[in-house]
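Numbering of residues begins at 1 and proceeds along the displayed sequence. Remember, it's a predicted structure, so these values are computed and weren't measured experimentally.
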Amino acid sequence: MNLQKKIEEVRISFRTALDSLTSDNDAVEELRSKYLGRKGEIASLFSKLVTADPEEKPLLGKALNQLKNDCLVSFEKKVRGFEKPVGYSASSGMDYTLPGIHFPVGSLHPLQQILDEIKDVFTSIGFSIAYGPEIDDDFHNFQALNIPKHHPARDMQDTFFIDKNIVLRTHTSNVQIHLMENNNPPLRYIVPGRVYRNEAISFKSYCLFHQVEGLYVDKHVSFSEMKGTLEYFVKRIFGRDVKIRFRPSYFPFTEPSAEVDIWDEKRDQWMEILGCGSVDPAVFENVGYDPEIWQGYAFGMGIERIAMLKYKISDIRHFYQNDVRFLSQF
Ligand code: PHE
């Protein structure tokens with residue numbers, strides 16, 4: 001038979017066989033050796049070239065080389081298509097490198113996280129947790145805390161009034177009064193809660209924020225005991241190397257009073273995180289505790305300030321914007 005015709009026949013039969021080839025290894029190998037092997041169809045055509053008419057040899061040789069090359073290229077291309085991806089598992093038929101389905105997972109708000117830590121520290125040293133009203137009367141928020149009407153100390157906290165006698169509490173100290181009205185001493189509580197102030201909004205002040213109040217009343221309670229407790233607290237939250245200072249201050253309901261500052265590495269300045277002091281005897285009198293018998297200390301800390309220092313957050317307003325890009329970092 002004419003060699004040129006033979007070449008075309010092999011080309012067609014190879015293409016048909018390749019089209020119906022499956023990824024089965026044996027079938028692949030069989031096809032390869034039938035056409036491309038050393039004793040395959042194409043090799044045998046080459047051997048026939050020897051006996052061909054010398055005039056036709058160059059053209060036939062070219063056609064044969066073309067056939068060999070075409071078959072090889074389309075064979076390799078087909079076989080590459082059979083290759084399994086890296087993560088393919090033959091037993092399950094699944095590709096484990098495919099990206100999974102992403103279910104977004106929420107997280108606790110950073111303020112909740114820091115509050116949980118604060119609660120852990122104080123409950124571990126004997127404090128119980130109490131709560132009180134966010135809307136309260138003038139007596140509990142001010143008067144019983146030794147801040148009479150028209151006293152200049154009222155200007156320390158710009159107040160949101162609901163009516164003449166009812167306020168959004170400006171601090172959690174109102175709960176000191178509720179606790180002492182409703183319990184006999186000794187008592188030892190912390191009081192987490194939200195407070196409100198009508199003050200200029202800035203990177204470190206907002207119209208609402210959160211505090212944790214502390215109140216300890218017993219027979220022998222000293223100012224230095226309070227200092228030790230607060231220092232212990234600060235070190236547990238910020239680590240042993242934190243830079244802390246007690247600064248003399250004034251609150252109408254404590255005497256003596258102090259404020260605690262923490263060194264803010266980010267801003268290179270002190271940041272106030274809490275006020276504290278020994279309970280003023282006038283407060284004990286207002287709730288019917290005998291100041292000759294009972295002593296105590298109280299403190300009130302700002303949760304946002306503590307979270308800002310701990311997590312290096314530069315602006316208090318981030319806490320209230322509910323931006324997922326912010327929240328998902330915690
Ligand atoms: N209530 C004070 C404030 O809001 C903090 C404070 C609480 C100070 C208890 C002394 C004792 O700033």
Side-chain angles (χ1 to χ4, degrees), residues 87 95-125 127 129-132 134 157-158 160 168-172 175 190-214 229-245 247 259-276 299-330:
D95 178 1
Y96 294 114
T97 63
L98 287 174
I101 300 166
H102 180 67
F103 298 102
V105 180
S107 58
L108 289 177
H109 193 280
L111 291 178
Q112 186 62 52
Q113 292 187 32
I114 204 87
L115 178 59
D116 287 346
E117 279 187 50
I118 294 170
K119 285 200 256 180
D120 279 351
V121 174
F122 282 106
T123 53
S124 78
I125 53 173
F127 284 77
I129 298 171
Y131 297 91
E134 288 180 28
Q157 304 167 351
D158 295 303
F160 285 114
L168 292 180
R169 67 174 172 197
T170 56
H171 49 189
T172 41
V175 189
I190 56 162
V191 182
R194 185 175 279 190
V195 305
Y196 303 84
R197 285 188 203 173
N198 188 10
E199 52 186 32
I201 288 169
S202 75
F203 78 90
K204 60 175 182 178
S205 302
Y206 198 61
C207 49
L208 66 88
F209 57 100
H210 298 79
Q211 288 188 327
V212 171
E213 191 82 7
T229 303
L230 291 175
E231 233 175 276
Y232 169 77
F233 159 75
V234 166
K235 287 193 170 150
R236 275 203 47 191
I237 295 292
F238 292 101
R240 294 197 152 270
D241 298 333
V242 64
K243 252 167 92 185
I244 171 180
R245 75 175 180 193
R247 180 166 43 79
E259 282 174 280
V260 171
D261 299 334
I262 294 226
W263 183 254
D264 182 350
E265 303 278 352
K266 201 172 158 128
R267 283 177 208 288
D268 240 23
Q269 65 185 36
W270 292 103
M271 173 97 120
E272 176 207 324
I273 59 155
L274 65 84
C276 59
F299 55 84
M301 60 183 73
I303 308 306
E304 280 79 353
R305 296 274 181 93
I306 292 172
M308 284 169 77
L309 285 163
K310 173 138 183 168
Y311 300 131
K312 304 199 166 27
I313 295 164
S314 55
D315 195 312
I316 194 169
R317 288 164 286 200
H318 286 308
F319 291 118
Y320 313 108
Q321 286 159 345
N322 278 334
D323 186 329
V324 177
R325 291 169 301 176
F326 171 75
L327 296 175
S328 62
Q329 295 175 66
F330 300 95

Undergrad: Any side-chain heavy atom of V212 sitting closer than 4.5 Å to one from I303?
TA: yes
Undergrad: Distance check, rounded to the nearest 0.5 Å: M308 atom CE versus L111 atom CG?
TA: 10.5 Å
Undergrad: If a pair satisfies salt bridge (Lys or Arg N to Asp or Glu O under 4.0 Å) and one of its residues is in residues 101-119, list it, with sequence neighbours excluded.
TA: E117-K310
Undergrad: If the condition is side chain to side chain contact (heavy atoms under 4.5 Å, CB included), which residues does V175 pass it with, not counting sequence neighbours?
TA: R169, L179, V191
Undergrad: Side chains of M301 and I273, heavy atoms from C-beta outward: is any pair under 4.5 Å?
TA: no
Undergrad: Please name all residues satisfying salt bridge (Lys or Arg N to Asp or Glu O under 4.0 Å) with R325, sequence neighbours left out, ordered by chain then number.
TA: D323
Undergrad: Quick check for you: to the nearest 0.5 Å, what is the distance between R194 atom CZ and Q211 atom CD?
TA: 13.0 Å
Undergrad: Is there a side-chain contact (heavy atoms from CB on, under 4.5 Å) between K204 and E304? Walk through the geometry before answering.
TA: CA-CA 8 Å; K204 60 175 182 178; E304 280 79 353; over 6 Å; no
Undergrad: What residues, two or more places apart in sequence or in another chain, satisfy side chain to side chain contact (heavy atoms under 4.5 Å, CB included) together with T123?
TA: I129
Undergrad: List in chain and number order the residues that pass ring-ring contact (aromatic ring centres under 6.0 Å, His included) with F238, two or more places apart in sequence or in another chain; answer none if no residue qualifies.
TA: none
Undergrad: Return the set of residues passing salt bridge (Lys or Arg N to Asp or Glu O under 4.0 Å) with D264 (not counting sequence neighbours), or none when no residue passes.
TA: R267
Undergrad: Kindly give the heavy-atom pair with the smallest separation between E272 and R305, and that separation in Å.
TA: O-NH1, 3.0 Å
Undergrad: Under the side chain to side chain contact (heavy atoms under 4.5 Å, CB included) test, which residues partner F330, sequence neighbours left out?
TA: P110, Q113, Y311, I313, F326
Undergrad: Excluding sequence neighbours, so at least two apart, what forms ring-ring contact (aromatic ring centres under 6.0 Å, His included) with F209?
TA: none
Undergrad: Supply the atom-to-atom distance I201 CD1 to L208 CG, rounded to the nearest 0.5 angstrom.
TA: 9.0 Å
Undergrad: Say you draw a straight line from OG of S124 to OH of Y232; how long is it, rounded to the nearest 0.5 Å?
TA: 4.5 Å
Undergrad: Ring centroid separation for F122 and F299, is it under 6.0 angstrom?
TA: yes
Undergrad: Please find the pair of heavy atoms, one from S202 and one from I316, that lie closest to each other, and give the distance.
TA: O-CG2, 3.5 Å
Undergrad: Got a donor-acceptor contact below 3.5 angstrom from the H109 side chain to the N322 backbone?
TA: no
Undergrad: Please list, chain by chain and in numerical order, all residues satisfying ring-ring contact (aromatic ring centres under 6.0 Å, His included) with F203, sequence neighbours excluded.
TA: none
Undergrad: Does any part of the side chain of K243, heavy atoms only, come nearer than 4.5 Å to the side chain of E265, both counted from C-beta?
TA: no
Undergrad: Under a 4.5 Å cut-off applied to non-hydrogen side-chain atoms, are D268 and W263 in contact?
TA: yes
Undergrad: List for me each residue that meets side chain to side chain donor-acceptor pair (under 3.5 Å) alongside D95, sequence neighbours excluded, and say none if there are none.
TA: T97
Undergrad: Apply side-chain contact (heavy atoms from CB on, under 4.5 Å) to residues V234 and E231 and explain how you reach the verdict.
TA: CA-CA 5 Å; V234 166; E231 233 175 276; 5.9 Å; no
Undergrad: Who pairs with D315 by salt bridge (Lys or Arg N to Asp or Glu O under 4.0 Å), at least two apart in sequence or on another chain?
TA: R317
Undergrad: Measuring from atom CE of M271 to atom CD1 of I306, what distance do you get when rounded to the nearest 0.5 angstrom?
TA: 10.0 Å
Undergrad: Checking F127 against V121 for the side-chain contact (heavy atoms from CB on, under 4.5 Å) test, could you report, in this order, the C-alpha distance in whole Å, the side-chain angles of both residues, the deciding distance, and whether it holds?
TA: CA-CA 9 Å; F127 284 77; V121 174; over 6 Å; no
Undergrad: State, to 0.1 Å, how close A200 and S205 come at their nearest heavy-atom pair, and which atoms those are.
TA: O-CB, 3.7 Å
Undergrad: Side-chain contact test, heavy atoms from C-beta onward, threshold under 4.5 Å: evaluate it for P192 versus Y131 and give yes or no.
TA: yes
Undergrad: First locate atom OH of Y196, then atom CD of E134, and finally report the distance between them rounded to the nearest 0.5 Å.
TA: 3.5 Å
Undergrad: Taking the side chain as everything from C-beta on, heavy atoms only, tell me whether L309 gets closer than 4.5 Å to V242.
TA: no
Undergrad: Quick one: side chain to side chain contact (heavy atoms under 4.5 Å, CB included) partners of R245, sequence neighbours excluded?
TA: R247, D261, W270
